[in-house]
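Shown next, in structure tokens, is the structure this report addresses.
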Amino acid sequence: MNLPGTLDSITSIDIMGVLEEIHKLGNTIILVTHEEDIAKHAHRIIRLMDGQVSDDYPNPNIVVVSHKSPATAE
């Protein structure tokens with residue numbers, strides 16, 4: 001999936017919520033972004049500079065989207 005950088009913030013968060021649900025089902029998600037706020041949702045962060053890995057670490061402060069499904073939303 002290629003998410004364009006022109007998505008509004010609400011749509012971006014909604015998509016991150018969907019990706020979290022897919023991950024909870026046991027799927028691996030590889031997300032490439034230039035957006036720091038989106039990267040904060042990752043369990044692991046790998047940064048590249050000049051084609052080389054410059055950082056590779058587990059994210060100690062994972063941001064989680066808490067969504068209610070439309071069926072349970074009040």
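- Put simply, CG on L31 and CZ on R44 are 14.0 Å apart, with the number rounded to the nearest 0.5 Å.
- Separating the OG atom in S12 from the CG atom in D37 is a distance of 7.5 Å, to the nearest 0.5 Å.
- Under a hydrophobic clustering in which Ile, Leu, Val, Met, Phe, Trp and Tyr are joined whenever their side-chain heavy atoms come within less than 4.5 Å, directly or via other members, I22 and M16 fall into the same cluster.
- The backbone N or O of A39 lies less than 3.5 Å from no partner atom in the side chain of T33, so there is not a single donor-acceptor pair.
- Taking a 6.0 Å sphere around CG of L25, one finds it holds more than 12 heavy atoms contributed by other residues, nucleotides or ligands.
- V53 is listed as a side-chain neighbour of L48, based on a closest heavy-atom distance under 4.5 Å.
- Here the shortest heavy-atom pairing between N59 and A42 reads ND2-O, 2.9 Å.
- At a threshold of 4.5 Å between side-chain heavy atoms, the hydrophobic network of Ile, Leu, Val, Met, Phe, Trp and Tyr places V63 and I13 in two separate groups.
- Counting heavy atoms from C-beta outward, N61 and K40 have side chains that stay 4.5 Å or more apart.
- Under the ring-ring contact (aromatic ring centres under 6.0 Å, His included) criterion, the residue pairs touching residues 21-64 are H23-H43, with sequence neighbours excluded.
- Under a hydrophobic clustering in which Ile, Leu, Val, Met, Phe, Trp and Tyr are joined whenever their side-chain heavy atoms come within less than 4.5 Å, directly or via other members, I62 and I38 fall into different clusters.
- In this structure, L19 and I29 approach most closely via the heavy-atom pair O-CG1, 4.0 Å.
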